[in-house]
Amino acid sequence: MTSGIRITWTPAGSGWADCTLEDHRTKVVLAASDITGAPEELLTAVARLLAGEPETRAQFEAEPTAYRWIFYREGVDTWTRVLELRHGSDHDNKGTEIWSGQLGIDQLARSVIRCFDEVAQTYGESGYRGKWGEHFPRTELEALRRLWHAQRRSDDA
C-alpha cells in the first residue's frame with residue numbers, strides 16, 4: 001500500500017492549472033485546461049468511490065493531451081491509475097501509465113479534500129476564479145467532505 005499521497009492544485013494562468021501528484025516513489029505534474037470541469041470531475045469521482053462505486057474516473061484535458069484518473073475500490077482499499085493519453089477520446093489501452101498507487105479510501109478522500117482546502121486557503125474563492133477562470137468547486141468539495149465524515153462515523157460505530 002502506498003504510504004501517503006499529496007495532491008496539489010495550482011492555477012497556472014487563465015484557464016490552466018497544474019495538478020501535482022506525489023508519493024514516496026514519484027512525482028508527476030498534470031496540466032488541466034478549463035475546457036472541462038477537471039476539479040469537479042476529480043472531487044466527484046472520489047465521492048462516488050467513497051459512496052461505494054467499485055470504479056470511477058476523472059479526466060483532465062490538456063489540449064490535446066489528456067490525463068485520465070481511474071479509481072478502483074474493494075472494501076476499504078483503493079487503487080488509482082493515472083494515464084497520459086495523446087487525445088482525450090483515446091481508449092485506456094492507448095495511454096501511458098504515469099502514476100499508480102494503492103491507498104485506503106480514507107487516505108484518498110482526505111488527500112483530495114486537503115488539496116482543495118489548501119487551494120481555498122491560498123487563493124480564496126474569488127482569487128481562484130480570477131486565476132482559473134471558473135468558480136471554486138465548493139459544492140463538490142463539501143459533498144465529498146460530507147461523505148467522508150459519514151464514512152468515518154460509520155467506521156467508528
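I5 and I70 sit in two unconnected hydrophobic clusters of ILVMFWY residues. Membership requires side-chain heavy atoms under 4.5 Å apart, directly or through other members. Under the 4.5 Å side-chain heavy-atom criterion for Ile, Leu, Val, Met, Phe, Trp and Tyr, V76 and I113 are members of the same hydrophobic cluster. Note: the hydrophobic cluster containing I7 also contains I98 (ILVMFWY, side chain heavy atoms under 4.5 Å, direct or indirect links). One hydrophobic cluster, built from ILVMFWY side chains closer than 4.5 Å, cannot hold both L83 and L30; they sit in different ones. In the hydrophobic clustering of this structure, Y72 does not group with W99; members are Ile, Leu, Val, Met, Phe, Trp, Tyr whose side-chain heavy atoms approach within less than 4.5 Å, directly or through other members.
We find the CZ-SG distance between R110 and C115 to be 14.0 Å, quoted to the nearest 0.5 Å. To the nearest 0.5 Å, atoms OG (S126) and CZ (F136) are separated by 11.5 Å. With rounding to the nearest 0.5 angstrom, the CZ atom of F116 is 8.0 Å from the CD atom of E40. Once rounded to the nearest 0.5 Å, the distance linking CD of Q59 with CG of L85 reads 6.5 Å. Taking OG of S33 as the reference point, atom CD of E63 lies at 3.5 Å (rounded to 0.5 Å). In this structure, CD in Q107 is found 10.0 Å from CG in D77, a value given to the nearest 0.5 Å.
Side-chain contact check for D90 versus H87: some heavy-atom pair is nearer than 4.5 Å. Annotation: side chain of L141 is in contact with side chain of D117 (closest heavy-atom distance under 4.5 Å). Contact of the T65 side chain with the R86 side chain is not registered, since no non-hydrogen atoms from C-beta on lie closer than 4.5 Å. T20 has its side chain out of reach of V28: every pair of non-hydrogen atoms, C-beta onward, lies at least 4.5 Å apart. Residues E97 and V82 fail the side-chain proximity criterion, which asks for heavy atoms closer than 4.5 Å. Looking only at side-chain heavy atoms (C-beta outward), V46 and L108 come within less than 4.5 Å of each other.
Under the ring pair (Phe, Tyr, Trp, His ring centres under 6.0 Å) criterion, Y123 pairs with no residue at all, not counting sequence neighbours. For the side chain to side chain contact (heavy atoms under 4.5 Å, CB included) test, residues two or more places apart in sequence or in another chain that qualify with R146 are E142, A143. With sequence neighbours excluded, the residues satisfying side chain to side chain donor-acceptor pair (under 3.5 Å) with E55 are R57. The side chain to side chain donor-acceptor pair (under 3.5 Å) check on Q151 picks up nothing, with sequence neighbours excluded. Under the rule for a side chain to side chain donor-acceptor pair (under 3.5 Å), W16 has no partner lying at least two apart in sequence or in another chain.
Under a cut-off of 6.0 angstrom, the local environment of CZ in R138 is crowded, with over 12 non-hydrogen atoms contributed by other residues, nucleotides or ligands.
Summarising the geometry of D18 relative to A12, their closest heavy-atom pair is OD2-CB, 3.9 Å, with the distance given to 0.1 Å. The heavy-atom pair separating P11 from K131 by the smallest distance is CB-CB, 3.5 Å. Heavy atoms only, all atoms of each residue included: L50 and A109 are closest at CD2-CB, 4.3 Å. When all heavy atoms of A31 and A62 are compared, the closest pair comes out as O-CB, 3.7 Å. Nearest heavy-atom pair, P39 versus P137, reported as atom, atom and distance to 0.1 Å: CB-CG, 3.9 Å.
Within the structure, every pair that satisfies the ring pair (Phe, Tyr, Trp, His ring centres under 6.0 Å) test and touches residues 33-66, not counting sequence neighbours, is listed here: W9-F60, F60-W69.
The cationic atom of R81 (NZ for Lys, CZ for Arg) does not lie both less than 6.0 Å from the six-membered ring centre of W79 and within 45° of the ring axis.
With respect to the salt-bridge test (charged N to carboxylate O, under 4.0 angstrom), the residues R73 and E53 do not qualify. Salt bridge status for R145 with E140: absent, with no side-chain N to carboxylate O gap under 4.0 Å. Salt bridge absent: R6 and D23 never bring a charged side-chain N and a carboxylate O closer than 4.0 Å.
For the residue pair W132 / D34, no side-chain donor-acceptor distance below 3.5 Å is found, with atom types taken as modelled.
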Legend entry - Trace of the side-chain contact (heavy atoms from CB on, under 4.5 Å) decision for L21 with K27: CA-CA 6 Å; L21 174 60; K27 176 180 177 177; over 6 Å; no
